[in-house]
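These notes are about the structure you will find just below.
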Amino acid sequence: MQSSNPLNYWLVKSEPDAYSWDHFVKQGKAVWDGVRNYQARNNLASMRVGDQVLFYHSVTGKEVVGLARVCCESYPDPTVPDDPRWVVVELEPVTAFPKRVSLQQLKAEPLLQNLALIRQSRLSVVPVSPNEFECILALAHAT
DNA sequence: GCCAACGTTGGC
DNA sequence: GCCAACGTTGGC
């Protein structure tokens, strides 16, 4: 039967100097660890297998570079076994964008004025609405 | 390099 | 429970 839970959309940030899209693609999969903010943690915990995740390069690049998907839902962060507060998910790359979408472009787009990435610039895992997601994909494929 | 935003910590 | 001090993130 059809799932009653539609896919959700997210955006995760990574500094490419620390962990880049290229590295992610080479590995084929990533354990998304190191999140130490409760709001971001709650977002990780809400992710479901198949959810689509935009991959954003912060600080260097400042652009959405590709699309990933959730391949494993949240479980306790193995890097801090004594601290049960934090969780990880696992992500796998789906596609590199034909055209990366810069922060400048996102800010200029009327449909994206409420984008959590912009409104809460320090949050490293943010939700994206279906409309916002479609808009960003369109920018990534625009000629 | 600067600074705004914001989360955390700890004194009271 | 308040708030000052401080640390971190990330855009500019």
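Numbers restart at 1 for each chain; the letters A, B, ... are given by sequence-line order, proteins then strands.
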Quiz prompt | Sidechain N-carboxylate O distance under 4.0 Å for Arg36(A), Asp83(A) | solution = no
Self-check item: Sugar-phosphate, base or nothing in reach of Leu123(A), heavy atoms under 4.0 Å
Solution: nothing
Practice problem: Evaluate the side-chain proximity of Val94(A) to Val53(A): yes if any heavy-atom separation is below 4.5 Å, no if none is. | Solution: no
Quiz item: Just wondering, do Ser102(A) and Lys62(A) contact through their side chains at under 4.5 Å, heavy atoms?
Solution: no
Quiz item: Which is the 5'-most and which the 3'-most nucleotide of DNA chain C that has an atom under 4.0 Å from a heavy atom of chain A?
Solution: dG7(C) to dC12(C)
Quiz item: Any idea which heavy atoms bring Leu44(A) and Val87(A) closest together, and the distance?
Solution: CD1-O, 3.4 Å
Self-check item: Steps toward side chain to side chain contact (heavy atoms under 4.5 Å, CB included) verdict (Lys29(A), Phe24(A))
Solution: CA-CA 6 Å; Lys29(A) 186 177 178 178; Phe24(A) 179 43; 5.8 Å; no
Quiz item: Hey, does Lys62(A) reach any base, or is it just sugar-phosphate, or nothing, if we go heavy atoms under 4.0 Å?
Solution: base
